Amino acid sequence: MATATAQALRVMKVAGNSRSVEEARARVFDFFKLACRSLPAVMDIYNLDDVVNKSQLRSAISSQIRKNSHITNAKVIDMLLFKGMEELGNIVEHHKQRHHIIGQYILGKDGTLHDSSPKDPSTSDFLKNFYSGNYF
């Protein structure tokens with residue numbers, strides 16, 4: 001039994017080529033809106049309410065999109081948009097397991113929670129003591 005979001009993903013297909021960078025970016029915004037609309041279904045499918053809330057997942061999606069904001073080639077943007085649509089389709093159609101979602105979008109590669117605030121390593125007393133030691 002398919003959810004309404006999965007049915008909407010089947011209808012929305014990525015067009016082959018954008019005519020301009022502006023058109024490609026508009027498609028990225030449409031993709032972001034679709035991804036945000038699918039978050040309640042994703043939260044229910046993977047039972048993520050105890051781990052994360054919707055705003056944190058929305059921030060994870062936007063950070064993935066912002067990571068490629070420097071790209072100015074419309075064909076590359078279209079290719080990345082295609083990959084994003086495939087990933088969203090796999091998530092909504094439950095082709096991934098819960099720990100995949102948690103590992104990719106909630107936890108960092110080192111196993112810690114994503115934190116958008118910048119860290120200043122010089123403020124840690126432990127690191128100051130470590131760096132001042134004779135370990136080098």
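As the structure is a computational prediction, the values presented were derived from the model and not from experiment.
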key: Inter-residue atom distance Cys36.SG - Lys54.NZ, 0.5 Å rounding   = 11.5 Å
task = Of all the heavy-atom pairs spanning Ile61 and Ala35, show the shortest one and how long it is.
result = CD1-CB, 4.0 Å
query = If you measure from CG on Leu39 to CG on Leu48, what distance do you get to the nearest 0.5 Å?
reply = 9.5 Å
task = Measure the CG-CE distance between Asp30 and Met85 for me, rounded to the nearest 0.5 Å.
result = 10.0 Å
key: Qualifying ring-ring contact (aromatic ring centres under 6.0 Å, His included) pairs with a residue from residues 39-69, counting only residues at least two apart or across chains   = Tyr46-His94
ask   = In chain order, what residues pass the salt bridge (Lys or Arg N to Asp or Glu O under 4.0 Å) check against Glu86, with sequence neighbours excluded?
value = none
request  = Please lay out, stage by stage, how Lys75 and Met79 fare under the test side chain to side chain contact (heavy atoms under 4.5 Å, CB included).
outcome  = CA-CA 6 Å; Lys75 290 184 180 185; Met79 185 262 318; over 6 Å; no
message = Quick check for you: to the nearest 0.5 Å, what is the distance between Arg19 atom CZ and Asn17 atom CG?
response = 10.0 Å
message = Taking side chain to side chain donor-acceptor pair (under 3.5 Å) as the definition, give me every residue that meets it alongside Gln56, ordered by chain and number, with sequence neighbours left out.
response = none
remark   = The reported gap from CD in Glu87 to CG in Leu80 (rounded to nearest 0.5 angstrom) is 12.5 Å
task = Write down the atom of Ser38, the atom of Val92, and the distance for their closest heavy-atom approach.
result = CB-CG2, 4.1 Å
query = Quick one: does Arg58's side chain get under 4.5 Å of Phe32's, heavy atoms only?
reply = yes
inquiry  = Just to verify, what does Asp50 make a salt bridge (Lys or Arg N to Asp or Glu O under 4.0 Å) with, not counting sequence neighbours?
reply    = Arg98
inquiry  = Once side chain to side chain donor-acceptor pair (under 3.5 Å) is applied, do any residues pair with Ser59, and if so which ones, sequence neighbours excluded?
reply    = none
inquiry  = To check you understand the geometry: which heavy-atom pair defines the closest contact between Ile71 and Ile77, and what is its length?
reply    = O-CD1, 3.7 Å
Side chain to side chain donor-acceptor pair (under 3.5 Å) involving Glu23 - partner list, sequence neighbours excluded = Arg27
key: Worked check of side chain to side chain contact (heavy atoms under 4.5 Å, CB included) between Tyr105 and Ile91   = CA-CA 11 Å; Tyr105 301 107; Ile91 290 170; 3.8 Å; yes
task = Measure the CD-CD distance between Gln64 and Gln104 for me, rounded to the nearest 0.5 Å.
result = 8.5 Å
task = Would you name the heavy atoms of Val28 and Leu81 that are closest together and state the gap between them?
result = CA-CD1, 4.2 Å
